[in-house]
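Here is the structure we will look at.
Small disclaimer: the values here were computed from a predicted structure and weren't measured. Whatever order the structure lists ligands and atoms in, that order sets their numbers, starting from 1.
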Amino acid sequence: MKGAVIYGARDVRFEERDTPRVIEPTDAVIRTAATCICGSDLWSYRGINKITAPTPFGHEYCGIVEEVGRAVSTVTPGQFVIGSFFASDNSCPHCAAGYQSACQHRELVGGAQAPLLRVPLADGTLVATPEVPPPELIPSLLALSDVMGTGWFAADAANVKPGRTALVVGDGAVGLLAVLSAKQMGAERVIAMSGHPSRQKLARDFGATDIVAERGDEGVARIKEMTNGVGADSVLECVGTADSMKQAIQAARPGGYVGYVGVPHGVTLKADELFYTHVRLHGGPAPVRRYLPMLIELVWNRKIDPGRVFDLTLPLEQVAEGYRAMDERRAIKTLLRI
Ligand SMILES: [Zn+2]
């Protein structure tokens with residue numbers, strides 16, 4: 001089997017790898033229908049997260065169950081399934097509370113940019129679709145594995161409610177799907193911060209009512225102006241840099257919420273400054289598993305089409321070009337055909 005392996009900064013290769021197989025009785029092996037490249041992979045691709053040894057790459061997947069271990073009872077070979085980047089038992093106290101990405105037995109699912117993938121804790125991790133989907137639904141179902149669930153968590157953590165104002169910081173794939181999520185949750189006003197025309201257009205298609213192209217202090221001033229000096233009720237932070245986090249907190253109203261899902265890099269918060277903002281912060285790796293059944297239903301019934309964030313499709317063997325395109329911001333998100 002050939003799949004993607006990262007060797008170091010800007011060095012992703014498509015090469016021979018061990019064929020995944022069932023190791024633990026709770027494992028499943030799936031034949032991936034499609035996979036993709038995550039914005040968070042770029043932290044490694046750009047050398048910000050150090051790579052110490054060649055590592056199979058990718059963590060977003062969906063596909064047909066090929067084989068299951070003897071302890072697996074809820075999924076069977078032939079079913080089409082989707083799972084999160086964190087495998088979870090879906091039964092421990094943290095899972096029961098809806099935080100499957102903090103499961104006491106969680107395991108990262110890695111190496112998904114390949115035709116076959118081993119998924120641990122299959123019963124708790126994988127959710128089957130009603131039947132094998134038609135090909136046109138696959139991009140949207142694949143998006144549920146991470147990017148859509150993460151956008152949804154940003155909106156949920158930011159307490160988006162009908163009639164309120166939601167502000168989305170970040171115009172990457174997660175930010176764009178955070179716009180879609182805020183719209184689905186009934187926000188009256190959804191403000192997307194983006195300076196890129198093609199991303200602004202997609203944000204509008206997903207439900208943004210306003211676009212703010214300014215950033216930093218100027219961006220914050222613009223949000224204050226648009227909200228009569230008050231600030232946004234809910235801010236969805238989808239980047240993870242010091243600037244974006246600062247912007248998110250400053251643009252929220254006193255008593256407002258910041259849901260942050262961009263993996264923080266170089267962000268430090270001063271407790272005394274935070275104290276006087278009265279802002280509530282909630283974030284972390286999204287508990288995608290919690291949302292999967294509901295999001296599958298929305299996609300299945302054609303209520304949402306998160307697959308539209310894929311603006312580049314390449315065969316898996318061109319995975320290196322997929323990374324280059326996203327690194328250079330030529331593509332929002334790359335789908336890899338198997
Ligand atoms: Zn658990």
Side-chain angles (χ1 to χ4, degrees), residues 20-30 32 35 38 40-41 49 55-77 79-112 116-130 141-159 174 177-178 181 240 257 259-264 280-299:
R21 53 187 184 84
V22 167
I23 299 170
E24 300 293 333
T26 46
D27 288 351
V29 168
I30 69 170
T32 43
T35 179
C38 182
S40 69
D41 289 342
N49 293 348
T55 310
F57 218 12
H59 59 261
E60 295 172 81
Y61 59 94
C62 61
I64 303 274
V65 178
E66 179 99 343
E67 190 192 346
V68 296
R70 57 187 156 74
V72 174
S73 62
T74 63
V75 291
T76 49
Q79 278 184 315
F80 188 95
V81 291
I82 305 158
S84 161
F85 46 91
F86 270 129
S88 55
D89 59 17
N90 210 27
S91 60
C92 77
H94 302 329
C95 286
Y99 286 84
Q100 288 89 344
S101 45
C103 174
Q104 290 176 338
H105 302 105
R106 76 175 181 188
E107 276 183 58
L108 261 179
V109 181
L116 289 163
L117 175 69
R118 171 183 165 256
V119 181
L121 303 170
D123 277 340
T125 304
L126 297 171
V127 180
T129 53
L141 292 169
L142 172 64
L144 306 186
S145 178
D146 178 354
V147 61
M148 179 65 214
T150 297
W152 194 274
F153 179 53
D156 200 2
N159 198 38
V174 171
L177 292 176
S181 302
Y257 295 76
Y260 66 109
V261 298
V263 185
R280 299 176 242 216
L281 297 179
H282 182 36
V288 170
R289 175 63 183 82
R290 189 201 321 172
Y291 306 124
L292 272 178
M294 180 266 302
L295 291 175
I296 288 173
E297 203 180 315
L298 286 174
V299 168

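Scored by the side chain to side chain donor-acceptor pair (under 3.5 Å) test, Y291 finds D156 as partners (sequence neighbours excluded). For H105, the ring-ring contact (aromatic ring centres under 6.0 Å, His included) criterion is met by no residue, not counting sequence neighbours.
Looking at every heavy atom in both residues, V22 comes nearest to V68 through CG2-C, 4.1 Å. For P285 against F153, the heavy-atom pair with the smallest separation is O-CE2, 4.4 Å.
Side-chain contact, Q104 with D89: no donor N or O sits under 3.5 Å from an acceptor N or O.
Protein nitrogen, oxygen and sulfur atoms, that is N, O or S, within less than 2.8 Å of the Zn ion (ligand 1) amount to 4.
Residue pairs meeting the salt bridge (Lys or Arg N to Asp or Glu O under 4.0 Å) criterion with at least one partner in residues 60-70, sequence neighbours excluded, are R31-E66, E60-K333.
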